[in-house]
Amino acid sequence: MLGSILIRGEMQARIVEVEAYRSDDPACHAFNGRTPRTEIMYGPPGFAYVYFNYGVHWMLNVVCHDAGDPAAVLVRAAVPMEGLDQMRANRGVPRDRDLLSGPGKLAKAFAITGADNGIDLLSGQSNLRLIPPEVATSNIVAGSRIGIAEGKWHDVPWRFIDGDAIAWTSVRR
DNA sequence: TGAGTGATTGACT
DNA sequence: GTCAATCACTCAT
């Protein structure tokens with residue numbers, strides 16, 4: 001996931017921060033079983049799981065693991081590459097560093113909403129796509145996930161960032 | 001049917 | 001550093 005390129009229209013960005021969630025993990029939405037909301041995570045990998053959080057923000061996840069085994073990777077931050085003007089228009093912030101440096105910010109910049117839930121990110125037909133990296137990210141740093149309540153595996157080191165792009169990630173720790 | 005909760009952000013002190 | 005905004009979902013009556 002790190003180093004993958006997210007594309008929508010003219011906009012392109014390189015993913016530099018992600019978090020992983022899986023079925024036996026209390027912080028995973030699918031932890032309590034199959035429900036209408038988590039249905040997409042039970043399908044095949046490569047599809048978008050988008051949900052609304054805190055009544056304010058949309059979050060983009062990529063479904064992982066095989067069908068029947070719910071797991072997902074939350075896309076938390078990316079480095080803007082193309083279509084900066086579109087991102088600036090969608091975000092309305094003065095500094096480019098703030099364009100995609102957080103899951104809610106990234107979703108807003110890419111105009112991602114619940115309407116995008118279930119999109120096949122690996123299909124060339126989709127208007128929201130994910131292109132795998134040509135070169136693997138070499139300097140990967142792992143840490144604990146952000147915003148997880150105590151007792152919900154908040155200490156597992158399943159947050160991964162590109163150590164060479166820390167300035168473009170979200171929370172500094 | 002209703003209360004509680006949350007994978008956050010940005011404005012304000 | 002603190003705090004409000006605001007809604008979908010889940011679980012307990």
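We name chains A, B, ... by the order of the sequence lines, and we start the count at 1 in each one.
Of the residues in residues 16-32 of chain A, A/Tyr21, A/Ala27, A/His29 come within less than 4.0 Å of DNA chain B through at least one heavy atom, sorted by number. Shown for residues 62-75 of chain A: residues whose heavy atoms fall under 4.0 angstrom of DNA chain B, namely A/Leu74.
Proximity of a side-chain donor or acceptor of A/Arg145 to a complementary backbone N or O of A/Ala20 within less than 3.5 Å is detected. No donor-acceptor pair closer than 3.5 Å links the side chain of A/Ser126 to the backbone N or O of A/Ile119. Proximity of a side-chain donor or acceptor of A/Glu19 to a complementary backbone N or O of A/Ile146 within less than 3.5 Å is detected.
Nucleotides of DNA chain B with any atom under 4.0 Å from a heavy atom of chain A span, from 5' to 3', B/dG6 to B/dG10. Chain A approaches DNA chain C over the interval C/dA5 to C/dC11, counting the first and last nucleotide 5' to 3' with an atom under 4.0 Å from its heavy atoms.
The line from OG of A/Ser138 to CG of A/Leu2 is 11.0 Å long, rounded to the nearest 0.5 Å. Here the straight-line distance linking atom CG of A/Leu122 with atom CD1 of A/Ile131 works out to 8.0 Å at 0.5 Å rounding.
Mapping A/Ile148 and A/Arg91 onto DNA chain B by nearest heavy atom places A/Ile148 closer to the 5' end of the strand.
Looking at A/Arg76 and A/Leu106, their side chains never come closer than 4.5 Å, going by heavy atoms from C-beta outward.
Scanning for side-chain hydrogen bond (donor to acceptor under 3.5 Å, both in side chains) contacts around A/Thr113 gives an empty result, with sequence neighbours left out. By the side-chain hydrogen bond (donor to acceptor under 3.5 Å, both in side chains) test, A/Asp155 is found to be paired with no residue, residues two or more places apart in sequence or in another chain being considered. By the side chain to side chain contact (heavy atoms under 4.5 Å, CB included) test, A/Ala165 is found to be paired with A/Arg14, A/Val16, A/Val79, A/Asp162, A/Trp168, residues two or more places apart in sequence or in another chain being considered. For A/Pro45, there are no side chain to side chain contact (heavy atoms under 4.5 Å, CB included) partners at least two apart in sequence or on another chain. Checked against side-chain hydrogen bond (donor to acceptor under 3.5 Å, both in side chains), A/Arg34 has the following partners two or more places apart in sequence or in another chain: A/Glu39. Considering only residues two or more places apart in sequence or on other chains, A/Asp96 meets the salt bridge (charged side-chain N to carboxylate O under 4.0 Å, His left out) condition with A/Arg88.
In DNA chain B, runs of at least 3 consecutive Watson-Crick or G-U pairs, each pair with both distances below 3.5 Å, span B:1-6 with C:7-12, B:8-12 with C:1-5.
The residue from A/Met11, A/Gln12, A/Glu82 that alone fulfils the side-chain contact (heavy atoms from CB on, under 4.5 Å) condition with A/Met87 is A/Met11.
For A/Arg95 and A/Asp98, the salt-bridge test passes: some basic side-chain N is under 4.0 Å from an acidic carboxylate O.
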Quick one: side chains of residues 47-64 of chain A, donor-acceptor pairs under 3.5 Å with protein atoms, not counting sequence neighbours, listed by atom name and distance.
| from | atom 1 | to | atom 2 | distance (Å) |
| --- | --- | --- | --- | --- |
| A/Tyr49 | OH | A/His29 | ND1 | 2.6 |
| A/Asn61 | ND2 | A/Tyr49 | O | 3.1 |

